[in-house]
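Remarks on the structure that follows.
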Amino acid sequence: MSQDKAAVFRSPVSQNIVWHSHALDRKQRETVNGHSALVIWFTGLSGSGKSTLAGALEQALFSQGIKTYLLDGDNLRHGLCSDLGFSDTDRQENIRRVGEVSKLMVDAGLVVLTAFISPNRTERQKIRELMEVGQFIEVHVDTPLEICEARDPKGLYKKARAGELSNFTGIDAVYEAPEYPDIYLNGSQPVETSVEKLLLALKSYGIQPA
């Protein structure tokens, strides 16, 4: 691992801190909620449909009594990550923060859905390693670049092609697709079809309607 990537998941700077255990733990919260807690991590190119699918899945889970929370890339950059740009280092820090927030939400007993390009396999693997086995579900929304570019919901591909936006994933920055995603989705399929596939797959992870 490069020095920059290693720094993304660094140890605390201060040595004068200790981890405090609490009376309530995740297992107790899962029992009350009636389902397992985990992270459903959507990854794919800009315009692949990550946010749309994550939102549709959250609605479906919520309607079934599942306790959820959706973390969206753009939304977090309005607050928690508003100090970060889009350099390699800043993007790595962005994903590190999301991973730590996701871990806290899992401890709170929630099903956390995230929608981030998260282009590097190493960083996604590091987030998986933050969790217990079975708590991190990597969902690859595999949509051809030409379809993503045709959709271009934010006009970012147009800017990248015009040279107005640099370091843009899929154009002049690499996207490392998952080699073995936990769930594979064809981003060209209807949203309803993908949500049905997700709901079926999640049953094996202890996500059942109330």
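The structure displayed is predicted, hence computed values, not measured ones. Values reported hereafter were calculated over all heavy atoms of this structure, with side chains retained and with hydrogens, waters and symmetry mates removed.
- Asp172 places a side-chain N or O within donor-acceptor distance of the main-chain N or O of Asn167, the cut-off being under 3.5 Å.
- In terms of modelled atom types and a separation under 3.5 Å, the side chain of Asp182 and the main chain of Val139 share no donor-acceptor contact.
- Residues Leu53 and Ile117 do not share a hydrophobic cluster, defined by chaining ILVMFWY side chains whose heavy atoms lie under 4.5 Å apart.
- For the pair Ile127 and Val98, the minimum side-chain heavy-atom distance is 4.5 Å or more.
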Validation: residues 185-196 side-chain donor-acceptor distances under 3.5 Å, sequence neighbours left out:
unit_1, atom_1, unit_2, atom_2, d
Asn186, OD1, Ser188, N, 2.9
Asn186, OD1, Ser188, OG, 3.4

Self-check item: side chain to side chain contact (heavy atoms under 4.5 Å, CB included) evaluation trace for Met105 with Leu71
Solution: CA-CA 10 Å; Met105 288 188 162; Leu71 297 172; 4.3 Å; yes

Quiz item: Yes or no on side chain to side chain contact (heavy atoms under 4.5 Å, CB included) for Ser48 and Asp142, after CA distance, side-chain angles and deciding distance?
Solution: CA-CA 7 Å; Ser48 62; Asp142 187 10; over 6 Å; no

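- In this structure a side-chain-to-backbone donor-acceptor pair under 3.5 Å is missing from Arg77 to Asn94.
- Side chain of Gln135 to backbone of Glu132: a donor-acceptor contact under 3.5 angstrom is found.
- Note that CG of Leu199 and CD1 of Ile207 are 10.5 Å apart. Values are rounded to the nearest 0.5 Å.
- Formation of a donor-acceptor pair under 3.5 Å by the Ser82 side chain with backbone atoms of His78 is not found in this model.
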Exercise. Before giving the answer on salt bridge (Lys or Arg N to Asp or Glu O under 4.0 Å), spell out for Glu149 and Arg161 the whole-Å C-alpha distance, their side-chain angles and the decisive distance to 0.1 Å.
Key: CA-CA 10 Å; Glu149 194 164 357; Arg161 291 295 188 187; 2.7 Å; yes

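- Evaluation of the ring pair (Phe, Tyr, Trp, His ring centres under 6.0 Å) test over residues 131-163, restricted to residues two or more places apart or in two chains, returns Trp41-Phe136, His140-Tyr184, Tyr157-Phe168.
- Summarising the geometry, atom CD belonging to Glu138 is positioned 8.5 Å from atom CD belonging to Gln125; distances are rounded to the nearest 0.5 Å.
- Under a cut-off of 6.0 angstrom, the local environment of NZ in Lys197 is crowded, with over 12 non-hydrogen atoms contributed by other residues, nucleotides or ligands.
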Self-check item: Step-by-step side-chain hydrogen bond (donor to acceptor under 3.5 Å, both in side chains) determination, Glu30 to Ser36
Solution: CA-CA 6 Å; Glu30 287 178 329; Ser36 300; 4.7 Å; no

Self-check item: side chain to side chain contact (heavy atoms under 4.5 Å, CB included) between Leu202 and Leu57, worked out
Solution: CA-CA 11 Å; Leu202 288 173; Leu57 177 60; 4.2 Å; yes

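- Annotation for Thr114 and Ser102: closest pair CG2-OG, 3.8 Å, computed over non-hydrogen atoms.
- Within the 3.5 Å criterion, the main-chain N or O of Asp25 finds a donor-acceptor partner in the side chain of Gln28.
- Considering all non-hydrogen atoms of both residues, Ala54 and Leu70 come closest at CB-CD1, 3.6 Å.
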Exercise. Evaluate the criterion side-chain hydrogen bond (donor to acceptor under 3.5 Å, both in side chains) for residue pair Ser118 and Arg91; output intermediate values, then yes/no.
Key: CA-CA 8 Å; Ser118 49; Arg91 294 182 78 173; over 6 Å; no

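- The cationic group of Arg121 does not satisfy the cation-pi geometry with Tyr175, failing either the under 6.0 Å distance to the six-membered ring centre or the 45° limit from the ring axis.
- Taking OG1 of Thr43 as the start and CD of Glu176 as the end, the distance is 10.0 Å to the nearest 0.5 Å.
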Practice problem: Give the intermediate values and the outcome of side chain to side chain contact (heavy atoms under 4.5 Å, CB included) for residues Ile40 and Val112. | Solution: CA-CA 6 Å; Ile40 305 170; Val112 185; over 6 Å; no

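- Atom CD1 of Ile95 and atom NZ of Lys126 lie 15.0 Å apart (nearest 0.5 Å).
- In this structure, Asp90 contributes its side chain and Gly85 its backbone to a donor-acceptor pair below 3.5 Å.
- Although no hydrogens or angles enter the test, the distance criterion places a donor-acceptor pair under 3.5 Å between the side chain of Lys50 and the main chain of Leu45.
- Leu156 and Val141 are assigned to two separate hydrophobic clusters, defined by single-linkage of ILVMFWY side chains at heavy-atom distances under 4.5 Å.
- Note that the CG atom of Leu110 and the NE2 atom of His35 stand 7.5 Å from one another [nearest 0.5 Å].
- The shortest distance between side-chain heavy atoms of Leu38 and Tyr205 falls below 4.5 Å.
- Under the 4.5 Å side-chain heavy-atom criterion for grouping Ile, Leu, Val, Met, Phe, Trp and Tyr, Phe86 is not connected to Leu84 through any hydrophobic cluster.
- Contact check for Ile137 versus Ile183: side-chain heavy atoms found under the 4.5 Å cut-off.
- Going from atom CZ of Arg151 over to atom CD of Glu146 covers 11.0 Å, rounded to the nearest 0.5 Å.
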